Amino acid sequence: MKKSIIFSLLLAMGMSASALTIGERADSAYNKEDYRQAIELYKQSIEQEGRSSDIYYNLGNAYYRNDNLGKAVVNYERALRLNPTNADARTNLEFVNSRIQDRPEDDSAFLANLHHSLMSAMTPNAWAWTAFIIFLLFAGAVGLYIFSTNVAFRKTGFFGGIVLICVFAYTLMLASDSADYAQNHDSAVVIVPNTQLSSTPRAAKTANDKVVTIHEGTKVEIVDSVATPDDPVSPRWYNVKINNSTKAWLRASDVERI
């Protein structure tokens, strides 16, 4: 009798464990400070259960706890691509960025930075709905201009309609740019302790080959790539930019695309 009770309990415990999703098992491993196991389970969850801002955020946390700053940055960035309003991911990304060795100054134009800030304020769907609401207001302004007999109301409808159609067009642009940005994979992050920017797509061989060392967590923009099958270390090199100014080559194997 006792053996059957013990067997039933073990069976129930096994069924309970199997009922957990991969993400829940990853959370459990993370809470037990088994960060390597949590990383593998979060990656499995993404492959089998789908992507989400929260799962990338959790994966970034696990990488950070495992002292992989570059991988942490990659996954916080991915979390924000899917949901720009994920405040926890943004806070943690800013914290990790404050710890990386290379922090080049942003030399982008003020208007470009403002546009990017506005674009990142909401999801693409939220911007699309905002554009739709503004269009309805524009239609109301047109109706006010056409059907009102009051001169003041007609002026309000006319000038208000001009302002609203301009705001509608820009909001539509924000929705489009936000959607494109979420699908853009031209940005990458250094995931090795350090790598070298080279003036040519090969390892430096002479003193004439200009070399600059950058460190883990540095974000770059991929401009071009070239296959190097004869290179025993990296069969591909990326031509990258840092802050719209520095342009050089680095091994593709040293970075991970966001």
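Keep in mind the model is a prediction, meaning the values are calculated, not measured.
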*Asks:* With side chains defined as the heavy atoms from C-beta onward, is the minimum distance between Phe168 and Phe135 less than 4.5 Å?
*Replies:*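 Yes; the side chains approach each other to less than 4.5 Å.
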*Asks:* When you look at Asn83 and Thr85, which way does the side chain to side chain donor-acceptor pair (under 3.5 Å) test go after all the steps?
*Replies:* CA-CA 5 Å; Asn83 180 14; Thr85 63; 2.5 Å; yes
*Asks:* Does the Asn150 side chain pair with the main chain of Phe153, one donor and one acceptor, at a distance under 3.5 Å?
*Replies:*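 At least one qualifying donor-acceptor pair exists.
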*Asks:* Quick one: does Glu24's side chain have a donor or acceptor within less than 3.5 Å of a partner on Thr21's backbone?
*Replies:*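 Between the backbone of Thr21 and the side chain of Glu24 there is a qualifying donor-acceptor contact (under 3.5 Å).
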*Asks:* Within the structure provided, determine whether Val240 and Val223 are in side-chain contact (heavy-atom separation under 4.5 Å).
*Replies:*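 A side-chain contact under 4.5 Å is absent here.
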*Asks:* If every non-hydrogen atom of Val192 is compared with every non-hydrogen atom of Glu216, which pair is closest and at what distance?
*Replies:*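 Reported closest heavy-atom pair: O-CB, 3.1 Å.
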*Asks:* Can Ser53 and Asn86 be counted as having a side-chain donor-acceptor contact under 3.5 angstrom?
*Replies:*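 Result is yes, a qualifying pair exists.
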*Asks:* With no hydrogens and no angle check, is any side-chain donor or acceptor of Ser52 less than 3.5 Å from a backbone partner on Ile55?
*Replies:*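 Judged by distance alone, yes, a pair lies under 3.5 Å.
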*Asks:* If only atom types and distance count, is the side chain of His185 paired as donor or acceptor with the main-chain N or O of Ile258 below 3.5 Å?
*Replies:*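 At least one qualifying donor-acceptor pair exists.
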*Asks:* Got a donor-acceptor contact below 3.5 angstrom from the Ser98 side chain to the Phe95 backbone?
*Replies:*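 Yes, because the side chain of Ser98 sits within donor-acceptor range (under 3.5 Å) of the backbone of Phe95.
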*Asks:* Looking at every heavy atom in both Leu197 and Ala248, which two are closest together, and how far apart are they?
*Replies:*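 Distance-wise, the nearest heavy atoms are CB-CB, 3.7 Å.
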*Asks:* On a heavy-atom basis, which atom in Ala29 and which in Leu41 lie closest, and how many Å separate them?
*Replies:*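 Looking at all heavy atoms of both residues, the shortest contact is CB-CD1, 4.3 Å.
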*Asks:* Provide the closest heavy-atom pair for Leu69 versus Tyr64 in the form atom of the first, atom of the second, distance.
*Replies:*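 Minimum heavy-atom separation between Leu69 and Tyr64: CD2-CD1, 3.5 Å.
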*Asks:* I need the Ile133 CD1 to Leu164 CG distance, nearest 0.5 Å.
*Replies:*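 Between Ile133 CD1 and Leu164 CG, I get 12.5 Å after rounding to 0.5 Å.
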*Asks:* Donor-acceptor pair, Arg251 side chain versus Thr195 backbone, under 3.5 Å?
*Replies:*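 Answer holds: no.
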*Asks:* Can you check whether Ser187's main-chain N or O pairs, donor with acceptor, with Arg257's side chain at less than 3.5 Å?
*Replies:*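 A pair under 3.5 Å: no.
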*Asks:* Decide yes or no for Ile39 and Leu59: does some side-chain heavy atom of the first lie under 4.5 Å from some side-chain heavy atom of the second?
*Replies:*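 Yes - at least one pair of side-chain heavy atoms lies under 4.5 Å apart.
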*Asks:* Has Asn66 got a side-chain atom pairing as donor or acceptor with Asn68's backbone, closer than 3.5 angstrom?
*Replies:*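 Checked: no pair found.
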*Asks:* Parallel, tilted or perpendicular: which describes the rings of Tyr76 and Tyr57, with under 30° parallel and over 60° perpendicular?
*Replies:*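 Tyr76 vs Tyr57 ring planes: tilted.
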*Asks:* What orientation do Phe132 and Trp129 show, parallel under 30°, tilted 30 to 60°, or perpendicular over 60°?
*Replies:*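 Plane angle over 60°, so perpendicular.
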*Asks:* Looking only at heavy atoms, which two atoms of Tyr35 and Ala62 are closest? And how far apart?
*Replies:*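 Where Tyr35 meets Ala62 most closely, the heavy atoms are CB-O, 3.9 Å.
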*Asks:* One thing to verify: whether Glu77 and Lys219 come together as a salt bridge, which I'm taking to mean a side-chain N less than 4.0 angstrom from a carboxylate O.
*Replies:*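 A salt bridge is present here (some side-chain N lies under 4.0 Å from a carboxylate O).
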*Asks:* With no hydrogens and no angle check, is any side-chain donor or acceptor of Thr228 less than 3.5 Å from a backbone partner on Ser234?
*Replies:*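 Side chain of Thr228 to backbone of Ser234, a donor-acceptor pair under 3.5 Å: yes, one is there.
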*Asks:* Please report the interatomic distance CD1(Ile46) to CZ(Arg51), rounded to the nearest 0.5 Å.
*Replies:*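 One gets 9.0 Å once the value is rounded to the nearest 0.5 Å.
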*Asks:* Using the ring pair (Phe, Tyr, Trp, His ring centres under 6.0 Å) rule, take Tyr170 and His115 through it: C-alpha gap first, then chi angles, then the decisive distance, then the call.
*Replies:* CA-CA 10 Å; Tyr170 182 63; His115 178 74; 5.6 Å; yes
*Asks:* Under a 4.0 Å N-O cut-off, is there an ion pair linking Arg78 with Glu256?
*Replies:*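 Looking at Arg78 and Glu256, the cut-off is met.
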*Asks:* Step through the shown structure and confirm whether more than 12 heavy atoms of other residues, nucleotides or ligands are within 6.0 Å of CZ on Arg65.
*Replies:*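 Open: at most 12 neighbouring heavy atoms sit under 6.0 Å from CZ of Arg65.
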*Asks:* Side chain to side chain donor-acceptor pair (under 3.5 Å), that's the test. Do Arg25 and Tyr30 meet it? Break it down for me.
*Replies:* CA-CA 9 Å; Arg25 287 163 54 200; Tyr30 183 91; over 6 Å; no
*Asks:* Is the side chain of Thr218 donor-acceptor paired with the backbone N or O of Ile214 at a distance under 3.5 Å, no angle test?
*Replies:*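 Checking the backbone N and O of Ile214 against the side chain of Thr218, no donor-acceptor pair under 3.5 Å is found.
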*Asks:* Over 60° means perpendicular and under 30° means parallel, so classify the ring planes of Tyr145 and Phe158, tilted if in between.
*Replies:*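 Geometry flag for Tyr145 against Phe158: tilted rings.
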*Asks:* Do Arg236 and Ser225 pair up side chain to side chain, a donor and an acceptor below 3.5 Å, judged on atom types alone?
*Replies:*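 Arg236 vs Ser225: donor-acceptor pair found between side chains.
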*Asks:* For a quick test of reading the model, state the closest non-hydrogen atom pair linking Val226 to Pro201 and the distance between them.
*Replies:*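 Closest approach of Val226 to Pro201, heavy atoms only: CG1-CB, 3.7 Å.
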